[in-house]
Amino acid sequence: MKIATYNVNGIGGRLPVLLRWLALAKPDILCLQELKAPQEKFPENAIRDAGYDVIWHGESRWNGVAILSRVGDIHETRRGLPGDPADEQSRYIEAAVGGILIACIYLPNGNPWPGQKFEYKLKWMARLDAHLKALFDLEAPVIVCGDYNVIPADLDVYKPENWTKDALFAPEARAAYQGYLDQGWTDAIRTLHPGARIYSFWAYWRRSFERGAGIRIDHLLLNTAARKRLSAAGVDTRPRGWERSSDHAPAWIELADRPVRGRKARP
DNA sequence: ATGTCAGGAATTTCCTGA
């Protein structure tokens with residue numbers, strides 16, 4: 001089973017690119033972020049015509065998350081991250097589908113740092129930390145994926161010195177992300193490719209993609225049951241080179257039907 | 001410091017967020 005996450009940066013203008021990638025890559029489950037569309041403007045019919053069930057949480061202008069599935073109906077389990085009833089930003093949606101619990105997140109960017117937006121990011125990360133603790137021990141495979149807006153390590157950025165003042169590379173944000181791994185969650189791409197330079201975002205300007213000037217901020221975190229079935233992971237850079245592309249590329253994993261021999265937790 | 005997008009609001013141009 002192929003599970004992917006893709007920050008589309010606007011579902012409206014990106015629909016042709018998304019449909020093209022769905023036909024090419026055929027993910028079984030796909031999480032989308034940055035819909036940038038109100039609830040009623042999500043292109044539900046086009047997604048269903050492509051063969052996918054879908055749930056989404058829109059928001060006018062900003063944010064917005066969705067889960068697509070072509071392997072059975074989606075049973076929504078949660079909409080909105082717990083911990084702050086006053087938070088109205090559409091950044092979290094969770095569902096049971098195909099025997100998996102999948103959470104789609106669009107973690108706050110946090111720039112400029114320091115500032116109120118960065119404080120919101122850290123609070124959101126703390127709320128996610130608490131929720132992850134509740135999800136980790138489930139017996140079912142759990143995948144928490146999306147745009148984390150966190151560069152975990154120097155290896156995940158083309159030029160670390162250019163990002164030292166950025167909220168995506170801030171020590172507090174990286175520490176919070178490390179806290180998720182310390183809970184036991186597996187960063188699927190990094191675990192299968194320990195020393196590789198793999199990026200999922202390239203800024204639109206200065207020909208970043210052509211120069212390979214990227215960062216890795218789209219992650220798939222797996223609990224123990226999911227990690228045991230992890231057979232492959234990567235980033236599909238192809239759509240980043242298409243016309244009218246998102247500034248992100250889809251990150252994906254493959255889960256085997258049963259546990260993969262030798263797939264142990266990272267030391 | 002720069003640079004490029006998307007979408008919404010107001011109209012052809014600016015604003016915010018990223």
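Each chain gets a letter, A, B and so on, in the order the sequences are listed, and its residues count up from 1.
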Closer than 4.0 Å, any side-chain N/O of A/Lys36 to the OP1 or OP2 of B/dG17?
no
With the side chain of A/Glu34 defined as its heavy atoms from C-beta on, choose the nearest nucleotide among B/dA6, B/dA1, B/dA18.
B/dA18
Confirm from the modelled atom types if A/Arg61 and B/dT16 form a donor-acceptor pair under 3.5 Å, side chain to base only.
no
Would you say the side-chain atoms of A/Asn111 and A/Lys117 include a donor-acceptor pair closer than 3.5 Å?
no
If you apply the rule side-chain contact (heavy atoms from CB on, under 4.5 Å), what do you find for A/Asp147 with A/Thr5, and how did you get there?
CA-CA 8 Å; A/Asp147 179 358; A/Thr5 175; over 6 Å; no
Compare the minimum distances between each of B/dA18, B/dC5, B/dG8 and the side chain of A/Tyr204, then state the nucleotide with the smallest one.
B/dC5
Looking at the side chain of A/Arg91, which of B/dA18, B/dC5, B/dG8 is the nearest nucleotide?
B/dA18
May I ask you to establish whether A/Arg91 and A/Tyr106 are in a cation-pi arrangement, using a distance under 6.0 Å from NZ or CZ to the six-membered ring centre and at most 45° from the ring axis?
yes
Without decimals, in angstroms, what is the distance between A/Asn109 CG and B/dA18 P?
5 Å
Expressed as a whole number of angstroms, how long is the span from A/Arg244:CZ to B/dC5:P?
10 Å
Rounded to whole Å, the CD1-P distance (A/Ile151 to B/dA18) equals 15 Å
Round to a whole Å and report the spacing from CG of A/Asn7 to P of B/dA6.
13 Å
May I ask you to say what A/Tyr106 touches in the nucleic acid, namely base, sugar-phosphate or nothing, with a heavy-atom cut-off under 4.0 Å?
sugar-phosphate
Flag the pair A/Glu119 and A/Lys123 as a salt bridge only when some basic side-chain nitrogen lies within less than 4.0 angstrom of an acidic carboxylate oxygen.
no
Out of B/dG8, B/dT2, B/dA6, which has the shortest distance to the side chain of A/Pro38?
B/dG8
Could you tell me how far B/dG7 sits from B/dT2 if I compare only their C1' atoms? Round to whole Å.
24 Å
Among B/dG17, B/dT4, B/dA1, which is the nearest nucleotide to the side chain of A/Lys117?
B/dG17
C1' spacing across the pair B/dT13 / B/dA1, given as an integer number of angstrom:
24 Å
Would you kindly give the CD-to-P distance between A/Gln89 and B/dG17, to the nearest whole Å?
10 Å
If I pick the C1' atom on B/dC15 and the same atom on B/dA10, what distance separates them, to the nearest angstrom?
11 Å
Tell me: NZ of A/Lys159 to P of B/dA1, nearest whole Å?
16 Å
Between A/Asn149 and A/Lys121, is a side chain to side chain donor-acceptor pair (under 3.5 Å) present by the stated rule, with each step listed?
CA-CA 9 Å; A/Asn149 267 317; A/Lys121 177 178 195 164; 5.7 Å; no
Rounded to whole angstroms, how far apart are CD on A/Glu59 and C1' on B/dG7?
13 Å
Separation of B/dG7 P from A/Lys41 NZ (nearest whole Å):
10 Å
